[in-house]
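Accompanying notes for the structure given below.
So you know, we letter chains A, B, ... as the sequences are listed, proteins then strands, and number each from 1.
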Amino acid sequence: MERDLDNANPTILSVSQLPSRTRKGAATRNGPDSKCHDIVYPQHHWPYGCSSSSDEGEDYREEPMDEQDIYDLISTISDPEHPHTLGQLSVVRLPDIHLSPSPTELSGPDSLVTVLVELTPTINHCSLATVIGLAVRCRLEQTLPPNYRVDVRMKVGSHAQDDQVNKQLGDKERVAAALENDTLQRMVDKMLETCA
Amino acid sequence: MDTAPPPAAIVPANSPPPNPQTVTITRLPPFQPDLYTRAWSSVPHPTLPLLATAHAKSVTVFSLATFTKHSALTGGHARSVRTAAWQPPRSNNSNNSKRLGLVTGSFDATAGMWSYDGDSSGSGDGDGNEVVLEREVKMDRDDEQDSDGEEEEKDWEFNLVLEGHENEVKSLAFSPGGAYLATSSRDKTVWIWEDVSAGPEDEDEWETVAVLSEHDGDVKAVAWCPSHLPNAAGKRGNYSSDVLASASYDNTVRIWREDADGEWVCVAVLEGHEGTVWGVQWEGRERKNGKFPRLMTFSADGTIKVWSLREEEEEQDGDGAQQEGNPFRSGFGGIPSTMRRSIREDWDCTAVLPKVHSRDVYSVSWSADTGLVASTGSDGVVAVYAEDESAPADAPMPSPGAEGAAKDGIVAPKSNWRVLGTVSNAHGPYEINHITWCKRFDPGAELKGKEEMLVTTGDDGVVRPWQVRIS
């Protein structure tokens, strides 16, 4: 890992500038915190239960996940070289999170939902792009229900080695092996420490 | 379950099955116990009622007679076991069949060779083994109730570690005769190891005979061409009959053969996939036209392709004969190996299976008995396909290779493959990492030891058998 910062002076947003549900006034019904609890601690989905039970399905019909929920899960991940979160550094941006189909349109609890997260590294040759992507994929796979398929990519034009990084991040076997690498696992764990 | 496309006009002459139109895929109770963690693959023993499932840092062996745990291989690897392969019985001695051998490939960059020291066979032929093992399975079950775990470790012995790869071992396969073992890794290489053990009862000893490093990315899978078929051996001039295929993260598949000097060389590069090629499957059933076995490849691009070796009517009259007095046939004379013409095979993409999967195809199994193909992957769908064998199968796809057809997502009208049936969410919401055809030995089988079922292995840690009825 390089000790020199790739980008010594990134643009940093304050927490109050970050997109959130409460400031949009949309969700006073539960508040983002308690809502995230279900997502962050999905005991009935993980670890691997015996296939699906019908009450899981009920949950999603009552309260389907949206892009803001995904943003809340990953924007609080720490940057590996700056003392800020990926949200503050605009590596993760709400408009670059896409759910398809929308969880409101699911026919059943096992129907697949694809989460596409496009990351914007702080500068276009950020050597830590792969690690950031790994942390994002890891965070989402640990917290989302198992019918979510996570695709993490570098936003088009944002990174010098887009294809190479995207391919690695999309490779399940490589991701699994990377998480058994102590050095990488420690980095990812550290980045995820700041998540609620 | 989906319905099949309109019936084909001509009934294939071969059997079974006679002109399959649809399949009914019924879920059977899963193997017990659940593994509760991602399981990567489940490999049936070629003759015995055993199934080896790789998961976490170990392998669990299940009985196909009872769908319960038979034994476990633990403690040999520092990281996840990705794959396993059963060792073919050594052919140089007929007293060796007592020995049950398994090789494991791990993310810790090693392969481990294990043997089972339980008295697993009496007579040595397949039928005798089955009976004895069935009995043994029941005994093991009784043991487990007293001291779970300790009994198992006594059964499997870790004999030998094969070191050399720099990164995760992703796949391994024995050559049909058992003389060679191929291993592949993220380090972009395939290693070929040769069995140099003194005798069947002696300790395992394996030697590296080749390191193949032409791939530009992880080598995801290796597979040997089956050699029991009359058309698989010979016909290749100065090459041995052992043929290896490797699939890679670099989107290609390569074909390797050993030349007259014992050098392993790449004879073909199969290009056409637009994503990681997750694996390859050789055709295990003899072809009616006597041609060389075909190869099926499956990829992160969501497609499954079939490739055929271009065989000249008379190879002696082919390209090679025009230059230097046919280097294919002349026995190479005294030309140093570095100066020899590289000999290449031409492989054409001759079919693309109808597209079913919306995401990576992680696994395909091509039945050597029925010729049926089953596939699965990230989308959790299981699909079964059949080929209409009446149509010519070796004509190259339109446009160079299959790229044209694959790019447009259009299956060429001449594709002879039909989807017979699909199951969605076969492991609920989870991804499925592996599928294999597997002989049935359970009491529910109509033809024990002959009837085939499917076994799927998923991220949910479930290993599930499926009854497949063809109609």
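- Residue B:S80 comes nearest to A:E180 through the heavy atom pair OG-OE2, 2.5 Å, listed as atom of the first residue, atom of the second, then distance.
- Contact annotation: the side chain of B:R359 approaches that of A:D151 to within less than 4.5 Å [non-hydrogen atoms, C-beta and beyond].
- Shortest non-hydrogen contact noted between B:N251 and A:K167 is OD1-NZ, 2.6 Å.
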Carefully, step by step, assess B:K220 and A:D171 under the rule side-chain contact (heavy atoms from CB on, under 4.5 Å).
CA-CA 11 Å; B:K220 295 293 194 186; A:D171 186 311; 2.8 Å; yes
Would you please test B:T276 and A:R174 for side-chain contact (heavy atoms from CB on, under 4.5 Å) and show each step?
CA-CA 12 Å; B:T276 296; A:R174 279 193 166 217; over 6 Å; no
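- Under a cut-off of 6.0 angstrom, the local environment of NZ in A:K172 is crowded, with over 12 non-hydrogen atoms contributed by other residues, nucleotides or ligands.
- Contact annotation: the side chain of A:E173 never approaches that of B:R186 to less than 4.5 Å [non-hydrogen atoms, C-beta and beyond].
- With a 4.5 angstrom heavy-atom cutoff, B:Y249 touches chain A via backbone and side-chain atoms both.
- Considering every non-hydrogen atom in both A:D110 and B:P429, the closest pair reads OD1-CD, 3.2 Å.
- Of the atoms belonging to B:S378, heavy atoms from both backbone and side chain fall under 4.5 Å from chain A.
- A:A176 approaches B:W40 most closely through the heavy-atom pair CB-CZ2, 3.7 Å.
- For the atom pair CZ of B:R79 and CG of A:D182, the computed distance is 6.0 Å after rounding to the nearest 0.5 Å.
- There is no contact between B:N167 and chain A, counting heavy-atom distances below 4.5 Å.
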